[in-house]
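For reference, the structure is listed below as structure tokens.
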Amino acid sequence: MTMFSDSNAFSGFAASDIEQAREFYAGTLGIEVTEENGMLTLHLAGGTNVLVYPKPDHTPAEFTVLNFPVDDVEAAVDALTERGVAFELYEGAPQDEKGIMRGNGPDIAWFRDPAGNILSVLRL
């Protein structure tokens with residue numbers, strides 16, 4: 001069945017405060033963000049869109065919901081740290097002091113948005 005073969009599917013996740021999410025994604029991360037019907041659309045490179053919808057009793061997922069491929073993970077971590085982003089340090093994970101895991105798959109570092117959703121910067 002090819003019911004969805006021509007569908008422009010997109011992903012989405014919840015946030016407890018849409019205004020905080022807009023400020024973070026647009027201001028801190030520099031992503032183009034539009035708002036309609038109380039929901040945000042993140043307009044990512046390559047024409048990809050991600051929906052961020054309000055959920056007052058939101059509980060963040062325990063996995064990464066959005067990955068940002070970058071050419072240089074350390075430079076991205078440094079730039080985001082300067083903008084006030086804190087990187088996750090996971091117990092038992094082979095991460096350096098900046099939160100970057102190297103040599104165990106792609107170089108990657110994880111951080112959270114204001115709603116607690118886990119995001120990453122990684123070098124593919």
Side-chain angles (χ1 to χ4, degrees):
M1 177 178 249
T2 60
M3 180 167 43
F4 297 121
S5 65
D6 295 325
S7 175
N8 291 325
F10 60 92
S11 182
F13 54 85
S16 51
D17 184 318
I18 289 297
E19 181 57 28
Q20 262 188 338
R22 187 189 61 71
E23 289 174 13
F24 178 77
Y25 286 100
T28 303
L29 300 186
I31 296 170
E32 180 187 349
V33 176
T34 56
E35 186 171 351
E36 189 173 333
N37 299 319
M39 298 181 286
L40 303 178
T41 299
L42 309 181
H43 301 278
L44 306 175
T48 301
N49 293 324
V50 175
L51 182 70
V52 181
Y53 56 91
K55 188 170 187 247
D57 60 345
H58 170 63
T59 301
E62 296 181 18
F63 53 85
T64 308
V65 299
L66 190 57
N67 299 285
F68 294 97
V70 295
D71 290 331
D72 184 335
V73 172
E74 188 160 357
V77 167
D78 290 346
L80 288 169
T81 299
E82 287 178 15
R83 293 178 180 198
V85 173
F87 283 82
E88 298 292 302
L89 294 172
Y90 294 110
E91 189 173 327
Q95 294 170 275
D96 65 18
E97 67 282 350
K98 292 183 179 184
I100 303 169
M101 186 172 72
R102 305 170 199 269
N104 192 21
D107 290 354
I108 186 168
W110 297 272
F111 61 102
R112 293 180 184 265
D113 74 0
N117 296 309
I118 301 171
L119 315 174
S120 83
V121 289
L122 74 159
R123 171 110 168 96
L124 294 176

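The basis for the numbers below is simple: all heavy atoms, side chains too, and nothing from hydrogens, waters or symmetry mates.
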Task: Within one Ile-Leu-Val-Met-Phe-Trp-Tyr cluster: Val85 and Leu119, side-chain cutoff 4.5 Å - done: yes
Which donor-acceptor pairs under 3.5 Å do the side chains of residues 87-111 make with protein atoms, sequence neighbours left out?
{"unit_1": "Glu88", "atom_1": "OE1", "unit_2": "Arg112", "atom_2": "NE", "d": "3.3"}
{"unit_1": "Glu88", "atom_1": "OE2", "unit_2": "Arg112", "atom_2": "NE", "d": "3.4"}
{"unit_1": "Gln95", "atom_1": "OE1", "unit_2": "Tyr90", "atom_2": "N", "d": "2.8"}
{"unit_1": "Gln95", "atom_1": "NE2", "unit_2": "Glu88", "atom_2": "O", "d": "2.9"}
{"unit_1": "Gln95", "atom_1": "NE2", "unit_2": "Gly99", "atom_2": "O", "d": "2.8"}
{"unit_1": "Asp96", "atom_1": "OD1", "unit_2": "Lys98", "atom_2": "N", "d": "2.9"}
{"unit_1": "Asp96", "atom_1": "OD1", "unit_2": "Gly99", "atom_2": "N", "d": "3.1"}
{"unit_1": "Asp96", "atom_1": "OD1", "unit_2": "Ile100", "atom_2": "N", "d": "3.0"}
{"unit_1": "Asp96", "atom_1": "OD2", "unit_2": "Arg102", "atom_2": "NE", "d": "3.2"}
{"unit_1": "Asp96", "atom_1": "OD2", "unit_2": "Arg102", "atom_2": "NH2", "d": "2.9"}
{"unit_1": "Lys98", "atom_1": "NZ", "unit_2": "Glu74", "atom_2": "OE2", "d": "2.8"}
{"unit_1": "Lys98", "atom_1": "NZ", "unit_2": "Asp78", "atom_2": "OD1", "d": "2.8"}
{"unit_1": "Lys98", "atom_1": "NZ", "unit_2": "Asp78", "atom_2": "OD2", "d": "3.2"}
{"unit_1": "Arg102", "atom_1": "NH2", "unit_2": "Glu74", "atom_2": "OE1", "d": "3.1"}
{"unit_1": "Trp110", "atom_1": "NE1", "unit_2": "Thr64", "atom_2": "OG1", "d": "3.3"}

- [ ] Sequence neighbours left out, what passes side-chain contact (heavy atoms from CB on, under 4.5 Å) with Pro69? Give chain and number order.
- [x] Leu124
Open item on the list: Looking at every heavy atom in both Pro56 and Ser16, which two are closest together, and how far apart are they?
Closed with: O-CB, 4.2 Å
TODO: Could you name each residue pair satisfying side chain to side chain donor-acceptor pair (under 3.5 Å) that touches residues 50-60, not counting sequence neighbours?
DONE: His58-Asn117
If you look only at distance, which donor and acceptor atoms sit under 3.5 Å apart when one is on a side chain in residues 41-50 and the other is two or more places apart or in another chain?
{"unit_1": "His43", "atom_1": "ND1", "unit_2": "Asn49", "atom_2": "OD1", "d": "2.9"}
{"unit_1": "His43", "atom_1": "NE2", "unit_2": "Thr34", "atom_2": "OG1", "d": "2.8"}

Task: Verify same cluster id: Val121, Ile118 (apolar side-chain graph, 4.5 Å) - done: no
Task: Exam field: side chain Asn37 to backbone Met39, donor-acceptor pair closer than 3.5 Å - done: no
TODO: Give a yes or no on whether the backbone of Val73 and the side-chain of Arg123 come within a donor-acceptor separation of less than 3.5 Å.
DONE: no
- [ ] Just jot down the side chain to side chain donor-acceptor pair (under 3.5 Å) partners of Ser120, sequence neighbours excluded, or say none.
- [x] Asn67
- [ ] Check the pair Leu80 / Phe68 against side chain to side chain contact (heavy atoms under 4.5 Å, CB included), numbers first and verdict last.
- [x] CA-CA 12 Å; Leu80 288 169; Phe68 294 97; over 6 Å; no
Open item on the list: Would you say that Val52 contacts Phe24 through its side chain, given a criterion of any heavy-atom pair below 4.5 Å between the two side chains?
Closed with: no
Open item on the list: So, taking the atom named CG in Asp113 and the one named CD in Glu23, what distance separates them when rounded to the nearest 0.5 Å?
Closed with: 12.5 Å
Open item on the list: According to a hydrophobic-cluster definition based on side-chain heavy atoms being under 4.5 Å apart (Ile, Leu, Val, Met, Phe, Trp, Tyr only), do Leu29 and Val77 belong together?
Closed with: yes
Task: side chain to side chain donor-acceptor pair (under 3.5 Å) pairs, two or more places apart, involving residues 4-14 - done: none
TODO: First locate atom CG of Leu40, then atom OH of Tyr25, and finally report the distance between them rounded to the nearest 0.5 Å.
DONE: 9.5 Å
